[in-house]
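I have placed the structure first, in the form of structure tokens, so that the comments after it can refer back to it.
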Amino acid sequence: MPELPEVEAVCRKLRKEAVGAVIDEAQVMKPRSARGAHSAELDHAVGQTIRKIERRGKNIVVHLSGGYALRVHLMMTGNLFVIPDARLYSARVRVHFRLRDGRALVFEDARILGNVSLYKEEDLKKALSKIGIEPLSKEFTIEKLLELAKRSRLPAKIYLMDQHHIAGIGNMYAAEALFRARINPEQPMNAVTKAKLKALHQAIIDVLKEAIKAAVRSYSKPGTYGKDMDFNVYGRKGKPCNVCGKPITRIEQGGRSTYYCPHCQR
DNA sequence: TCGATCCTGTAG
DNA sequence: CTACAGGATCGA
């Protein structure tokens with residue numbers, strides 16, 4: 001499920017449903033799903049109250065009483081949500097928190113790539129400090145992006161997906177933002193013109209905000225996974241560009257697919 | 001900085 | 001059957 005907008009949608013829903021609940025039991029079905037450096041045993045979550053839900057990049061942070069916090073990363077196929085009856089959970093649930101009111105907070109993850117780990121608040125802060133700037137925060141200004149871009153020769157697409165610089169952008173929205181800013185995904189970040197970086201700054205913000213709206217709307221509706229938003233380039237290999245009509249190209253960057261319009265993005 | 005790797009599901 | 005998947009980490 002995850003790029004910033006989808007993670008944001010998950011967080012918003014959890015804020016309504018999970019805050020105030022008390023965890024009575026923590027059950028790890030797949031040990032791989034509960035690994036994590038510096039993480040404490042999940043048992044420490046038992047007896048604690050869910051105080052607050054935050055998002056940092058693509059991470060979900062569930063603040064608990066007692067100085068602990070859960071960090072959840074959905075990776076490719078994870079999801080975190082509340083089920084009405086703790087006993088009725090799917091086979092894909094990897095971590096299960098039974099709540100005192102009979103419900104459960106469950107981490108579902110088909111591919112077992114994501115993870116849930118418990119930290120002491122202090123340690124978590126340290127762990128998350130390596131993540132880059134939040135693109136929807138007021139700190140993410142044009143000047144900030146210009147300054148960041150200057151320091152990297154990474155291809156623009158790889159750069160956008162690298163969580164150390166800007167947090168929360170993944171394969172789909174990186175491609176979309178680059179298309180809107182007319183930037184070639186292979187162009188080194190420090191070689192992108194100032195005008196295009198300005199356009200990119202706005203494109204990132206617009207794309208993410210639109211996607212959050214779409215994700216919130218479609219979230220909870222089954223079968224809408226991947227259909228939050230209409231894309232100009234992502235997944236459209238060979239189809240006509242919405243601007244110039246020439247075919248969209250697919251290339252590989254860092255082992256991932258990149259879609260773009262070679263005519264519009266130079 | 002690159003490539004392999006972690007896993008399973010699904011589309012072609 | 002093979003190719004590919006909205007992600008990140010690790011070692012060489």
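Lettering of chains follows the sequences in order, A, B, ..., and the numbering in each one begins at 1. Computed from a predicted model, the values in this text were never measured in an experiment. For the numbers below, each heavy atom of this structure counts, side chains included, while hydrogens, waters and symmetry mates do not.
L113(A) places its CG atom 10 Å from the C1' atom of dT5(B), with the value rounded to the nearest Å. Going from atom CD of E252(A) over to atom P of dA3(C) covers 12 Å, rounded to whole Å. For the pair R111(A) CZ and dG7(C) P, the computed distance is 10 Å after rounding to whole Å. In this entry the distance linking CZ of R56(A) with C1' of dG7(C) reads 17 Å, nearest Å. For I112(A) and dT8(B), the CD1 to C1' distance is 7 Å, given to the nearest whole Å. In this structure, L74(A) places its CG atom 18 Å from P of dC7(B), rounding to the nearest Å. What separates CE of M76(A) from C1' of dA3(C) is a distance of 13 Å, to the nearest Å. The CZ-C1' distance, from R32(A) to dA8(C), rounds to 12 Å in whole Å.
Judged purely by distance below 3.5 Å, without hydrogens or angles, the side chains of N79(A) and Y219(A) pair a donor atom with an acceptor atom. Side-chain contact annotation: R266(A) with N184(A), donor-acceptor N/O pair under 3.5 Å absent. Remark: the S257(A) side chain and the E252(A) side chain contain no N/O donor-acceptor pair separated by less than 3.5 Å.
We find that R55(A) and E134(A) are joined by a salt bridge, their nearest charged nitrogen and carboxylate oxygen being less than 4.0 Å apart. Under 4.0 Å is where a charged nitrogen must lie from a carboxylate oxygen, and between K126(A) and E122(A) no such pair does. Between R56(A) and E8(A), none of the side-chain N atoms (NZ, or NE/NH1/NH2) sits under 4.0 Å from a carboxylate O, so this pair counts as no salt bridge. Salt-bridge annotation for D109(A) and R94(A): absent, with no side-chain N of the basic residue lying under 4.0 Å from a carboxylate O of the acidic one. The pair R151(A)-E147(A) counts as a salt bridge, with a side-chain nitrogen and a carboxylate oxygen less than 4.0 angstrom apart.
Distances shorter than 4.0 Å separate none of the side-chain N or O atoms of K30(A) from OP1 or OP2 on dC7(B). Residue H73(A) has no polar side-chain atom (N or O) positioned under 4.0 Å from OP1 or OP2 of dG7(C). Within the structure, a side-chain polar atom (N or O) of S257(A) is placed less than 4.0 Å from OP1 or OP2 of dA5(C). Within the 4.0 Å cut-off from OP1 or OP2 of dG7(C), not a single side-chain nitrogen or oxygen of Q163(A) is found. Within the structure, a side-chain polar atom (N or O) of Y259(A) is placed less than 4.0 Å from OP1 or OP2 of dA5(C).
Among the nucleotides dG7(C), dG9(B), dC4(C), the one closest to the side chain of A110(A) is dG9(B).
When hydrophobic residues (I, L, V, M, F, W, Y) are linked wherever their side-chain heavy atoms come within less than 4.5 Å, L88(A) remains an isolated member.
Proximity of a side-chain donor or acceptor of Q265(A) to a complementary backbone N or O of I183(A) within less than 3.5 Å is detected.
For dA5(C), the base has no donor-acceptor partner in the side chain of R256(A) [N/O atoms by modelled type, under 3.5 angstrom].
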N/O-N/O pairs, protein side and nucleotides 9-12 of chain C side, under 3.5 Å:
none

Could you list all N or O pairs between the protein and nucleotides 10-12 of chain B that sit under 3.5 Å apart?
none

Listing, residues 231-240 of chain A side-chain donor-acceptor contacts under 3.5 Å, not counting sequence neighbours, or none:
{"from": "N232(A)", "atom 1": "OD1", "to": "N242(A)", "atom 2": "ND2", "distance (Å)": "2.8"}
{"from": "N232(A)", "atom 1": "ND2", "to": "E176(A)", "atom 2": "OE2", "distance (Å)": "2.6"}
{"from": "R236(A)", "atom 1": "NH1", "to": "N232(A)", "atom 2": "O", "distance (Å)": "2.7"}
{"from": "R236(A)", "atom 1": "NH1", "to": "P240(A)", "atom 2": "O", "distance (Å)": "3.3"}
{"from": "R236(A)", "atom 1": "NH2", "to": "P240(A)", "atom 2": "O", "distance (Å)": "2.9"}

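Each ring-ring contact (aromatic ring centres under 6.0 Å, His included) pair with one or both residues in residues 81-104 of chain A, not counting sequence neighbours, appears once here: Y89(A)-H96(A).
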Dot-bracket notation for DNA chain B, counting Watson-Crick and G-U pairs under 3.5 Å, with | for partners on another strand: ||||||.|||||
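With P as the reference atom, dG11(C) and dC7(B) are 16 Å apart, rounded to whole Å.
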